[in-house]
K.L.:
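Below are the structure tokens for one structure; questions will follow.
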Amino acid sequence: MTSTLAPAPADRATSARDGAPPRRRTRVLALPEARWAAAATVFFLLALPLQLAGAPAWAWGPLYAVTYAAGGWEPGWAGLRALREKTLDVDLLMVVAALGAAAIGQVMDGALLIVIFATSGALEALATARTADSVRGLLDLAPATATRVDADGGEASVGVEELAVGDTVLVRPGERIGADGRVLGGASDVDQATITGEPLPVAKEQGDEVFAGTLNGTGALRIRVERDASDTVIARIVRMVEEASETKAPTQLFIEKVEQRYSLGMVVATLGVFLVPLFFGANLADALLRAMTFMIVASPCAVVLATMPPLLSAVANAGRHGVLVKSAVVMERLGQVDAVALDKTGTLTEGTPRVTDVRPLAGSGLDEGELLRLAAAVEHPSEHPLARAVVDAARQRGLALPVAEDFGSTPGVGVIATVDGRVVAVGAPGRSLGGAADADSTRAAVLAGELEDGGRTAVLVTVDGTPAGVLGVADRLRPDATATVTSLTSLIGTAPVLLTGDNPRAAARLAAEVGIEDVRAGLLPQHKVGAVRELGSAGRKVLVVGDGVNDAPALAAAHTGVAMGRAGSDLALETADAVVVRDELATVPAVIALSRRARRLVVQNLVIAGAFITGLVIWDLAGNLPLPLGVAGHEGSTVIVGLNGLRLLREAAWKRATG
């Protein structure tokens with residue numbers, strides 16, 4: 001049962017994330033697949049207790065009939081349409097199998113098969129609709145209106161679609177930027193994590209490029225529009241996700257690829273077993289009985305079950321340990337990957353800036369604690385992420401923060417206040433020091449350069465106009481990042497690739513820490529997609545792990561995409577094939593190992609099922625296999641492969657995968 005990425009009924013709900021745009025979500029029962037599956041389930045649950053309680057057939061029979069009709073008509077109709085195109089679709093085979101079970105008296109078994117199949121189709125349709133919701137909702141990141149400034153200085157609020165290249169727009173503090181463009185005037189810090197994934201806001205001043213959908217900080221900006229609304233980076237992300245989702249080849253389980261040919265061959269062979277003896281004068285009843293026995297023992301039930309239980313058991317086991325794998329197909333694909341591409345911010349790192357260095361200057365008279373205490377006191381009234389990092393660092397050290405007076409903030413430069421009678425300023429070294437050439441300024445500039453060369457953001461602290469020290473701020477590496485990279489390298493055979501929108505120095509520093517050599521930094525979303533496709537064109541099956549809006553196109557284009565769940569954007573979570581719910585990066589290599597274990601069990605099961613089918617078919621054709629014995633042998637093989645697959649439900653299976 002297949003679904004396509006298409007418009008779906010939607011409603012708007014408030015996002016759980018503060019400041020995030022409203023999110024469009026398709027209601028479950030708005031989907032016809034979900035309504036039919038729900039109806040089939042309800043009638044099945046009404047009929048089953050009546051049958052088990054020994055009620056007469058007229059009480060539960062009609063309820064089962066409605067179950068068959070509600071859950072089976074849509075896949076059956078789809079299968080007939082496929083048959084018209086000369087394709088024996090698995091949908092039709094499942095419905096025929098259910099009807100065949102009913103024909104030999106196994107009405108409940110057939111109804112259960114219908115319910116399971118209908119529910120699976122409904123879940124697939126819901127996942128597809130939710131992905132479409134997130135793609136459409138991404139457009140809400142860009143505001144609906146913008147303030148356009150006329151040539152005479154007048155202001156007018158217009159829809160962003162009315163903006164033309166060359167227009168000037170005014171973006172006030174706290175507003176989202178409405179168009180891609182370049183700063184004409186003003187200065188501010190802009191949070192552009194949705195586009196580049198950078199963990200810290202970026203200082204913007206005249207001549208700098210800005211993107212639609214990014215969040216302006218405390219300063220006002222005048223921006224010249226350089227792209228139409230339909231050609232902004234955020235609009236192109238939407239198109240890339242849609243195109244990748246549509247062009248990504250539909251994937252089937254391996255057994256489903258074989259099943260069509262096998263089933264067609266079985267139908268032809270059954271007709272042959274029935275007609276050939278008749279041609280040579282055999283009794284009609286004997287020929288029919290032999291053909292029925294052949295159809296039962298040769299049916300692919302055990303072959304189909306050879307695949308699903310191991311994969312579904314692996315899905316369930318991964319789910320218990322914090323990895324949501326969205327389907328059995330995805331679980332199978334995870335075991336095929338032979339290249340891994342990792343995002344930096346929010347994936348290898350925690351996505352939150354932390355103070356890593358406190359460097360007072362010699363001669364300032366301050367130690368580390370006093371330098372940090374003064375800086376935190378000044379930063380306390382600020383809402384900038386750097387300010388929060390400094391304040392958090394002071395609190396972690398148990399420092400008591402004095403009250404800051406006469407607080408002032410200059411966008412793109414820093415903050416200033418009076419603390420304990422001293423004027424303390426905290427800001428960017430380049431702008432605070434200017435061209436000063438005194439000894440203190442020179443030492444501060446050298447220290448700041450050392451920190452920045454190490455991939456940190458340098459923050460200068462001055463006291464009464466004299467440099468007193470420098471703080472280093474960086475996004476903190478996840479505790480399990482290095483071990484995860486090592487495990488992936490061992491498992492895949494090659495080290496992962498780092499794909500990030502962050503600056504090259506920060507990316508190179510982090511890559512060196514975790515053991516990654518192939519580093520591609522400063523990437524916009526389309527560049528990440530290009531890198532993934534470059535690996536794919538070399539014959540690699542690429543696994544992408546990311547968390548942000550800017551990672552979503554790469555997640556969609558990859559062979560398999562995994563999203564980090566705790567801080568992941570809605571679009572990344574819906575686009576990805578699997579989600580690390582507990583935000584434990586080490587589960588990524590574990591789930592790959594579990595998938596490979598599942599694939600080995602599939603091979604074992606196929607050997608078992610093949611041996612049973614071959615033996616029973618030879619017995620039926622060369623001898624006289626009793627029908628009950630044929631049924632017992634067929635069902636026995638089905639039970640054996642099913643139980644073998646369920647071994648992956650055990651806790652020991654996950655421990656082996658993590659080991």
K.L.:
Contact between V532 and L499 at the side-chain level, heavy atoms closer than 4.5 Å - yes or no?
P.N.:
yes
K.L.:
Of all heavy-atom pairs between A40 and V115, which one has the smallest distance, and what is that distance?
P.N.:
O-CG2, 3.8 Å
K.L.:
Check whether any side-chain heavy atom of V529 lies under 4.5 Å from a side-chain heavy atom of Q526, and answer yes or no.
P.N.:
no
K.L.:
Heavy-atom distance under 4.5 Å between the side chains of L46 and L50, does that happen here?
P.N.:
no
K.L.:
Does any N or O in the side chain of S595 come within less than 3.5 Å of the main-chain N or O of V591, such that one atom is a donor and the other an acceptor?
P.N.:
no
K.L.:
Mark yes when over 12 heavy atoms from residues, nucleotides or ligands other than F43 sit less than 6.0 Å from its CZ; otherwise mark no.
P.N.:
no
K.L.:
Is it the case that the side chain of R597 and the backbone of A653 share a donor-acceptor pair, with hydrogens and angles ignored and the cut-off at 3.5 Å?
P.N.:
no
K.L.:
What's the spacing between L594 CG and N317 CG if we round to 0.5 Å?
P.N.:
5.5 Å
K.L.:
State, with a plain yes or no, whether a side-chain heavy atom of D551 is found less than 4.5 Å away from one of V544.
P.N.:
no
K.L.:
Tell me whether T347 contacts the main-chain N or O of L342 through its side chain, where contact means a donor paired with an acceptor under 3.5 Å.
P.N.:
no
K.L.:
For W654 and H321, take the angle between the two ring planes, folded into 0 to 90°, and tell me which bin it lands in: parallel under 30, tilted 30 to 60, perpendicular over 60.
P.N.:
parallel
K.L.:
Using side-chain heavy atoms (C-beta onward) and a distance below 4.5 Å, is K528 in contact with D343?
P.N.:
yes
K.L.:
What is the minimum heavy-atom distance between A59 and A55, and which atoms define it?
P.N.:
CB-CB, 4.2 Å
K.L.:
Regarding K541 and D338, does a basic nitrogen lie under 4.0 Å from an acidic carboxylate oxygen?
P.N.:
no
K.L.:
Quick one: are I492 and L543 in side-chain contact, heavy atoms under 4.5 Å?
P.N.:
no
K.L.:
Can you find a pair of side-chain heavy atoms, one from L601 and one from N644, that are under 4.5 Å apart?
P.N.:
yes
K.L.:
Looking at side-chain heavy atoms only, is the closest gap between W60 and L48 below 4.5 Å?
P.N.:
no
K.L.:
Can you see which heavy atom on A39 is nearest to which on A70, and at what distance?
P.N.:
CB-CB, 4.1 Å
K.L.:
List the atom of G346, the atom of D547, and the distance in Å for their closest heavy-atom pair.
P.N.:
CA-OD2, 3.7 Å
K.L.:
Could you give the distance from OG1 (T560) to CE (M331), rounded to the nearest 0.5 Å?
P.N.:
10.5 Å
K.L.:
Using every non-hydrogen atom in the two residues, find where A318 and V325 come nearest and quote the distance to one decimal.
P.N.:
CB-CG2, 4.3 Å
